[in-house]
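Taking it in order: structure first as structure tokens, then the write-up.
Naming convention: chains lettered A, B, ... in sequence-line order (proteins, then strands); numbering from 1 in each chain.
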Amino acid sequence: MRQRDRYAKISQSPTRPAAERPQHDFDVADLYRGPVASSEPATAQVDEQPLDEKLRQAYFWIVNHAIISPFYDIEYNDAPPMRFDFGDRKVAINLPTDQSYSSYALAPLLNLAVRRRCLLVGGPGRGKTAIAILMGVLAGYNLHEIRRAIQHGQPQMTIADLLGNPLPATLINAQSMDEVKIAWRRWLSMRVKIIDEYNRIPTRTQSALLTTMADNYAELYDQVYECPPAAWYLTANDDAGGGTYQVIEALRDRIDIVVKALHFNTRFLNELLLRIEDGIQPEQVVPAQIIFSPEELDRLEREILAVEFPALLRRRLEFFASHFEFFEPAANQFEYMTKDTVKLSGLEFSALNTEETGKSAQVELGSQSLNGFSVRALMTCIQFIKAMAYFRGDHAVSFEDMRQMIPFVMHDKLTQNPDAPAFEQDSQTTLRVDRISWIRGLFDRSCQEFDRLGLERDDPVAEVEAEFERGLDGLTAAEVRKRLARIEGVLRDWARGRKLYGHMYDDILKLKYLHQRYSNYLGWLKWQN
Amino acid sequence: MAELTALAEALLRRRDDYNQRFLRARYLQRRLAPDDFQDVLRRYAAPVAEGLAERTSSDAELDTIVSALYDLCLQLTAQDLLGPGARVPVLAELFDELLPCLAGLIAEQPERVLVALCNAAYNLALEPAADPRCWIARLVALAPRLASVDALLLAGQVAAWRCGMAHYRESALQAARQLEPDLLAALVDQPQIQNEPQSEAQNEKAAERLLAALSDPWFDPAARVGEKRLQRVGRVGGFVGFDGPFIEPPEVTRFGERIYALDSQQAWLLFADRFGQVLKGQGSDLPAGAPDDSTHFDIDTDGRVSCGKHRARFPELAGWRSAASTEHSLVVTLPHSHYLFLVALR
């Protein structure tokens, strides 16, 4: 009898009552389901339970019983929240009116659902490894398996320690590399992979880890081990250059979401006292009802990807992302006016950024960063935004899902330019440190600008794009010329303005692209006739 | 030294394990007090264990039962369902009255039986229209005739419907088909099969007839056979200030074979038969599609109701606000009442 299952009971109530209520048929079999849990195998009711509800149950179990994280830094409101200002600086605290969450518990859980790579950072003893272990247990592994599978970063860690060893007998007798049998490490086959203190791994071993993380396979002696899809959890006490070894940039770049372990709230000391007295670890009492089978994890990911991302919200994300890559002083040719051009040249930004442009700091958000978003960062962002909507039981992404998740995914992807004038004001200096608030502030201002420009109602590029998406087949030369003239008209209008901002840069390039496609098609029509 | 009870002996045999279980339970439910739990074990678990000890042939067998009993009491105490300040007093009655009568079946499958009965009693206690004491009494009366755990659980389901859980009617009738005819007859108060011993084949035929008759929700097996007449068969609802569901006088409408009542706040699905009337909240939305306007009953403004050849006048329903009917029931609301009034042929 699995005794621990019955103690680790979870709530029978829906975890988010506001989420869509399924039509319920009344069945007398429900008579025997209730507050008393059975240790017998999961009932049909549990099997039929929607996975988003199971995900929420897992979240609430973690925050109520496993990880002491009494923080609600992912705030949702369905009515204006009550706000209190403290101190001379009028530091605000809001009391959210809708279900809100702790990023430290939620982000790793969403990472399990979308199977990406999560870095947990924070001082020692804040439960980084504990939450990673919990994710392993939620994925169906027993505690013993998970503990054995954790890769503990240390300065002597070799590639063989990480990936496996050739079997000595086959190594001696082999006539070719193919004949060398490799004893691959067990953790490679697991759906949850935990690398503890990854910044203590020597650089050479980091490269081997990079291949496994990035391409999902391991390679030794010309032999390849294909790993299953997995959620990765890496931990580090210090992610700002500390650790025994510098983390190679490519490895850092593969990390999709960075979650900060917040401090311990001393008002919860009693909880620690009781844990010590009782000698119980949360990972020992994870309820069976919130453990996901491999099939459920596969289905979870599919269902998350099926969440709708409305076009107007996608447009806001595009607009936000468009601010950052553009850097006018980087080149004479329009296409190369990017921060990437500067980075590849090896020159400092400050060497080029000397001219007073007269651009509004409110609009020129790009001046606050030294890079733009990578394709990988944007894809990760979309996945986590969808996961957030799914977690809340919604079929489509909402504005607030996007607003809440973007900072957590992007705060480690956007390199801040600490010398940007925007940080000079008194109230903004803390944003050099508080990256979550920095990114959220950028997103809010981007949305304000989006609204000011009226792009939701009047977006000429979107209109031209929609026209193009309908296809070129059957278009007459006269119609193509009309469309070319329209593109030229939009560019002419914009050219009358005196300032060039990041959000215009991608639009202009898109119009140039469309103009070229139409021009080529017109050329083809002429040739045909 | 006083003689140890069967429970105390069993607990001592696996003392460390039980202590660890208590600690794990307290990890999740901090207000679980050792003294309260000890009281529950002494007061409720010990008598049940004592009765079961007589039916077991080995310590190992008793240990399995005590293990299930211990876990059950631990969960119930941790959730304030048993012991000092219990939120659901009927669970104490379940331990006192029903469990001692079912020692044989509990010994057979301790965890399955104990968990199912406690959950059932809890669910009955939570349903305002249901009578959990009636349910316990019916199972106590049937206990000597229950030959297996499956029969007990089926009887419990039918008894729950019989004791007011009208929303389980359809599935309870399915369960009733699997019951022995005499058990079914006892549960629905049909005197013929119970009191007049007949051959098995005759009993089965009688049970089939009974089940067919029960398809009419207002069929009364104990009533004398005679001409049916239209009569008021129930009243359900009430003002929210007096523990009812409605914030204002409701209206009723029909979708398919189901009748919904709604006020400005939300919609409620009505389940009604001879054994009980239950309203189940459905949120603010009615089912998709148009309501069904066809009627089986007619009612005029003076409260005259007709159904086929039957006619009757109900002055209290004159000036009604809304009405909807299914094949078997007419539901009427009034402009100044928070109740639904039910009329049927019975």
Side-chain angles (χ1 to χ4, degrees), chain A residues 1-14 17-41 43 45 60-66 68 268 270-287 289-290, chain B residues 17 20-30 64 67-68 71-72 74-76 78-79 81 88 91 111-112 114-124 126 135 153-154 156-161 165-176 269 271 278 280-285 287:
Chain A
M1 187 183 285
R2 294 154 65 191
Q3 294 301 342
R4 71 179 185 195
D5 294 351
R6 66 167 67 231
Y7 298 129
K9 187 178 176 303
I10 51 162
S11 167
Q12 297 291 311
S13 310
E20 195 173 300
R21 181 201 289 250
Q23 281 298 313
H24 184 67
D25 281 329
F26 295 94
D27 187 343
V28 75
D30 293 339
L31 182 72
Y32 297 133
R33 298 189 181 112
V36 184
S38 166
S39 67
E40 285 171 3
T43 60
Q45 188 190 35
F60 284 108
W61 188 87
I62 291 169
V63 291
N64 290 336
H65 299 300
I68 304 168
F268 289 80
N270 188 44
E271 184 70 23
L272 295 186
L273 181 68
L274 292 168
R275 285 187 187 190
I276 291 167
E277 287 172 354
D278 289 355
I280 303 279
Q281 296 297 318
E283 55 269 27
Q284 296 170 333
V285 288
V286 176
Q289 297 98 311
I290 58 169
Chain B
D17 177 33
Q20 191 65 15
R21 292 188 203 184
F22 176 80
L23 290 177
R24 284 178 172 173
R26 198 174 63 170
Y27 174 83
L28 297 168
Q29 195 57 270
R30 291 296 184 198
T64 308
S67 172
D71 287 338
L72 178 76
L74 197 47
Q75 290 193 67
L76 293 174
Q79 295 178 61
L81 296 173
V88 183
L91 283 167
E111 188 182 359
R112 187 177 173 211
L114 292 171
V115 168
L117 294 181
C118 283
N119 281 336
Y122 172 84
N123 288 326
L124 279 146
L126 253 54
W135 182 77
L153 298 183
L154 283 172
Q157 290 177 332
V158 178
W161 161 55
M165 306 281 260
H167 50 299
Y168 288 152
R169 173 185 164 76
E170 294 301 325
S171 49
L173 279 170
Q174 294 297 323
L269 182 53
F271 297 88
V278 173
K280 286 286 173 191
Q282 298 293 297
S284 55
D285 297 327

*Partner chain A: residue of B/Q157, B/K280, B/R169 with the largest heavy-atom pair count (under 4.5 Å)*: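 Among the listed options, the one with the most contacts to chain A is B/Q157.
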_Residue selection (most heavy-atom pairs with chain A, distance under 4.5 Å) from B/C118, B/A175, B/S171, B/A121_ =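 Result: the option with the highest number of such pairs is B/S171.
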*Which bit of B/L153 comes within less than 4.5 Å of chain A, counting heavy atoms only: side chain, backbone, both or neither?*
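Both backbone and side chain.
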*In terms of heavy-atom proximity below 4.5 Å to chain A, should B/N119 be classed as side chain, backbone, both, or neither?*
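Both the backbone and the side chain of B/N119 come within 4.5 Å of chain A.
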*Check whether any side-chain heavy atom of B/Y122 sits under 4.5 Å from a side-chain heavy atom of B/L126, and report yes or no.*
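With C-beta onward as the side chain, the pair touches.
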*Can you find a heavy atom in the side chain of B/D17 that is under 4.5 Å from one in the side chain of B/R21?*
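B/D17 vs B/R21: side chains touch.
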*Go through the structure and list residues passing side chain to side chain contact (heavy atoms under 4.5 Å, CB included) with A/Q281, not counting sequence neighbours.*
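Expected list: A/E283, A/Q284.
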*Return the set of residues passing side chain to side chain contact (heavy atoms under 4.5 Å, CB included) with A/I276 (not counting sequence neighbours), or none when no residue passes.*
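Listed in chain order: nothing, the list is empty.
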